[in-house]
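Position 1 is the first residue of the sequence; numbering continues from there. Any value given below was found using the heavy atoms of this structure, including those in side chains, with hydrogens, waters and symmetry copies removed. Counting starts at 1 for both ligands and their atoms, in listed order. Values in this document were obtained by computation on a predicted structure and should not be read as measured data.
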Amino acid sequence: MRILVVEDDPDLLAQLAETLRGEGYAVDTAADGEEAQYLGEVEPYDAVVLDLGLPVIDGVSVLKGWRSEGHAMPVLILTARGQWSEKVAGFDAGADDYLTKPFQMEELLARLRALIRRAAGHASPILSCGPVQVDTRAATASVNGEPIKLTGHEYKLLAYLVHHPDKIVSRTELTEHIYDQDFDRDSNTIEVFVGRLRKKLGVDVIKTVRGLGYRMESEAGSA
Ligand code: CA
């Protein structure tokens, strides 16, 4: 899952990026509204954390711009304390959730997990796909109840697939959602990660759909 964090306070931006990377997200950052606007238009984010008070273009205008262009990714806005009118403007512009500064990082993480899973149509933080379970709160996975040790990239790839069960996910789509902007992307490495995941989870868990990509089936053994 790939997240855009937009915040003009450099300390808070660095702290948010570091925390989110530590939780297994690919993270891009923007420190002003213009850069945010551009990134949100060209990159396929699974969620955005958007401060509203931003240089160049304010956060509400950025959000309105995205929504008017049809970009529907979940957006959590950060608002200043006591600025209830900001929250109203933010929701009216298309925000999905908000936090008031200062906030607890744990609450931000929980809200983001909820936004991402709801956007993909899941009610529970524990996602099941055949014999595989992914606990999005702990960034852990198990097969038939047995915990499996995964590297950061393996987890990112698996988490994306289980968020989108029964859907064919192309290598390009995986690349776009598990790497941040600065990563030296090579879609061949996706094959390597899938190979490693199959060794750990079982060969049939991730199906190859020839010429199109990969698929995890929500019911084991279904066609
Ligand atoms: Ca600000």
Side-chain angles (χ1 to χ4, degrees), residues 1-120 125 136-139 152 156 159-160 163 176-185:
M1 296 295 151
R2 185 171 169 201
I3 296 179
L4 173 64
V5 181
V6 187
E7 170 60 61
D8 60 326
D9 173 340
D11 293 338
L12 182 56
L13 182 63
Q15 192 196 353
L16 282 164
E18 190 189 336
T19 304
L20 290 168
R21 287 188 182 118
E23 294 291 315
Y25 296 107
V27 179
D28 290 342
T29 59
D32 67 63
E34 191 174 18
E35 196 185 1
Q37 181 93 63
Y38 171 74
L39 285 173
E41 279 169 10
V42 298
E43 300 289 348
Y45 294 107
D46 296 295
V48 178
V49 177
L50 178 67
D51 181 34
L52 290 187
L54 290 172
V56 193
I57 306 175
D58 69 273
V60 168
S61 300
V62 170
L63 183 51
K64 274 187 192 156
W66 286 337
R67 296 311 193 215
S68 72
E69 299 278 319
H71 300 287
M73 66 286 200
V75 174
L76 185 155
I77 54 172
L78 303 177
T79 64
R81 189 157 47 150
Q83 296 286 333
W84 65 267
S85 57
E86 268 200 340
K87 286 173 207 161
V88 174
F91 277 116
D92 282 344
D96 299 279
D97 199 358
Y98 77 93
L99 272 174
T100 303
K101 292 178 180 177
F103 53 86
Q104 295 295 321
M105 226 25 115
E106 284 302 320
E107 185 176 359
L108 177 117
L109 293 172
R111 286 179 182 275
L112 271 182
R113 285 193 295 269
L115 284 178
I116 290 168
R117 72 171 187 256
R118 273 194 249 118
T136 58
R137 296 163 302 184
K156 286 188 178 85
Y160 191 79
H163 271 87
E176 285 175 340
H177 287 270
I178 73 170
Y179 297 132
D180 60 52
Q181 204 192 7
D182 300 328
F183 200 88
D184 184 15
R185 297 177 196 184

Minimum-distance N/O/S atom that Asp51 presents toward the Ca ion (ligand 1)
OD2
min-distance N/O/S atom, Asp8 vs the Ca ion (ligand 1), resolves to OD1
For the backbone of Asp180 and the side chain of Asp28, can you confirm whether one donor and one acceptor N or O come within less than 3.5 Å of each other?
no
I'd like to know if the side chain of Arg117 and the backbone of His163 have a donor-acceptor N/O pair within less than 3.5 Å.
no
The Ca ion (ligand 1) and Leu54: any N/O/S contact shorter than 3.0 Å?
no
Can you name the nearest heavy-atom pair linking Gly53 to Asp8, along with the distance?
O-OD1, 3.2 Å
By side chain to side chain contact (heavy atoms under 4.5 Å, CB included), Arg137 pairs with (sequence neighbours left out) Arg113, Pro125, Ile126, Asp135
